[in-house]
2 protein chains.
Amino acid sequence: MPRPGEAGAQARLAVSTVIFALSPDAGAAAPSLRIPLVRRLREPGAGRWALPGGWLPVDEGLDEAAGRTLNETTGLAPTYLEQLYTFGAPDRSPDERVVSVVYWALVHSDEVERAVSDENVCWFDEDDLPELAFDHLEILEYALWRLRTKLQYSRIAHALLGETFTMAELRGVHEAVLRTRLDPANFRRTMEASGTLVDTGQRLAGTPHRPPALYRFDTASARGGDPIHHPTRTRNAS
Amino acid sequence: MPRPGEAGAQARLAVSTVIFALSPDAGAAAPSLRIPLVRRLREPGAGRWALPGGWLPVDEGLDEAAGRTLNETTGLAPTYLEQLYTFGAPDRSPDERVVSVVYWALVHSDEVERAVSDENVCWFDEDDLPELAFDHLEILEYALWRLRTKLQYSRIAHALLGETFTMAELRGVHEAVLRTRLDPANFRRTMEASGTLVDTGQRLAGTPHRPPALYRFDTASARGGDPIHHPTRTRNAS
DNA sequence: GCAAAAGTGTTCGCAATACACCCATGG
DNA sequence: CCATGGGTGTATTGCGAACACTTTTGC
């Protein structure tokens, strides 16, 4: 780290979060990804939609800031939170130099129903996005890429569902995120082989057909393919 | 992005880089990874060794700042440069709040010989590191993890070699980084199948045995497994 | 010709795919 | 009993690991 002193002009540090959830009609049909955005009230970019975020307070950690602003704007607690990338091109904001540390998060679908949504905070479907401020579209697409990539080698889909779920629901998440059809038989085997699912023994009644088994995610075997290391992966609301 | 105004106390933004190169005796024996560090002259952490870096100038991009400080401290140009992670725990620096955007880089082994090395800039072997300042050991270990992980699904080992190289040299890089023995036969096939190698037609004479073929990296087919997107992956010195 | 590395061929086992087939429930 | 999704069994394929084998040089 360099020496202090010689203050000079400095870039401002912001923390933003790309939040993913499933469309509320999770049980029925094919669910789709939804992202909450906030309407910018001031210049630059007033009127446009932007990622939730804020300036970084001096005494707050990056993860905490991401989780806090997520909670403040949506009223939700993330079930998964991870740093995405830091964007800092000199011209990404017209007026002043802003460097944004961006996180991405997943929230439980059963929480989405009681999420904040008003004229200034609105949830948009993945392929029905409004015009975004600054470079936020680029950021969002990068977050989508990361979500899709990570879903294929890590077990994070459960973070978009509730406490328990059927195999078909879990498959539905993968299909929605990856935008593909998956073979039910092979998907089941792959998931069972991963060792991250626990059969609750319960079955979901009320379906017009054979009642499916309900599974729970095994947090103990939640082997992060990531570093051993590093910050909080999951946290609660403040 | 939040509104300007309400300045208040702000964290300071630094950019640091973890630089990897092979030990100069690349041809012979088993090469090892080396990392240049700079000695801190001032408090906090005076006397200890730290990653090369500096405060981020207001008008300079993150990638440019990483490449520049790399060049200033080592005299080298990176053949590979990528953002690693942003570290920002409130207590990682004792005096003031510092957020560090950290990059990692690979440099050609044939450039290492003319690298700067004096009493304040010194290259350390991967498993002979001195005591590091701040959280730089944690950062370095994370960078090592990323290098090892990425080597297995991306073709970046060539960035540690010169313009042309033998199959054995390329394998030596993988073995040094991954710290494993690799089967020469299977390694060859895997590399040839990747389509990133071009046989120059030349052969390396002077070996005590059958002269091996010299290969070149095919920059055209350098498919980044990464985003389509995003900043410069390779750049020259300023 | 002999040692040693370069380079080729062959086999094995695993895991993902494709797809045929039985099971259980509501209507 | 039938339509439909839940759930199981099985053949095929592609790829990486293991390893036997041939080739080419310096000495």
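Keep in mind that this is a model prediction, so the values were computed, not measured. Hydrogens, waters and symmetry mates play no part in the numbers below; they use all other heavy atoms, side chains included. To find a chain, count down the sequence lines: A is the first, B the second, and so on, and within it residues start at 1.
Screening residues 155-166 of chain A for salt bridge (charged side-chain N to carboxylate O under 4.0 Å, His left out), with sequence neighbours left out, gives Glu163(A)-Arg216(A). For residues 204-215 of chain B, the set of pairs meeting the side-chain hydrogen bond (donor to acceptor under 3.5 Å, both in side chains) definition, not counting sequence neighbours, comprises Arg188(B)-Tyr215(B).
Here dA6(C) presents its P atom at 15 Å from CE of Met191(B), a figure rounded to the nearest Å. Separating the CD atom of Gln152(A) from the P atom of dA15(C) is a distance of 18 Å, rounded to the nearest angstrom.
Ala21(A) is linked by a side chain to side chain contact (heavy atoms under 4.5 Å, CB included) to Val107(A), Val112(A), Trp123(A), counting only residues two or more places apart in sequence or in another chain. Applying the side chain to side chain donor-acceptor pair (under 3.5 Å) test to Arg179(A) and every residue at least two apart in sequence or in another chain returns Glu126(A), Asp127(A). In terms of the side chain to side chain contact (heavy atoms under 4.5 Å, CB included) criterion, residue partners of Ala176(B) (sequence neighbours excluded) are, by chain and number, Pro31(B). Shown here are the side chain to side chain contact (heavy atoms under 4.5 Å, CB included) partners of Pro184(A), two or more places apart in sequence or in another chain: Arg171(A). With sequence neighbours excluded, the residues forming a side chain to side chain contact (heavy atoms under 4.5 Å, CB included) with Arg189(A) are Ala185(A), Asn186(A), listed by chain and number. With sequence neighbours excluded, no residue forms a salt bridge (charged side-chain N to carboxylate O under 4.0 Å, His left out) with Arg203(A).
When DNA chain D is scanned 5' to 3' for any atom under 4.0 Å from a heavy atom of chain B, the first and last hits are dA17(D) to dG26(D).
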Each nucleotide N or O in nucleotides 12-14 of chain C that has a protein N or O under 3.5 Å away: list the pair and distance.
none

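Of the residues in residues 203-215 of chain B, those lying under 4.0 Å from DNA chain C by heavy-atom distance are Arg203(B), His209(B), Arg210(B), Pro212(B), Ala213(B). Contacts between residues 172-189 of chain A and DNA chain D, defined by a heavy-atom separation below 4.0 Å, involve Ala185(A), Arg188(A), Arg189(A), listed by number.
Between Phe187(B) and His174(B), the ring center distance clears the sub-6.0 Å criterion. Ring pair Trp104(B)/Tyr142(B): centre-to-centre distance not below 6.0 Å.
Salt bridge status for Glu119(A) with Arg39(A): absent, with no side-chain N to carboxylate O gap under 4.0 Å.
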Exercise for review: Verify side-chain contact (heavy atoms from CB on, under 4.5 Å) between Leu144(B) and Phe20(B), making sure each step is shown before the conclusion.
Suggested key: CA-CA 9 Å; Leu144(B) 262 169; Phe20(B) 295 109; 4.0 Å; yes
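Side chains of Ser32(A) and Asp125(A): a donor-acceptor N/O pair is present below 3.5 angstrom, by distance only.
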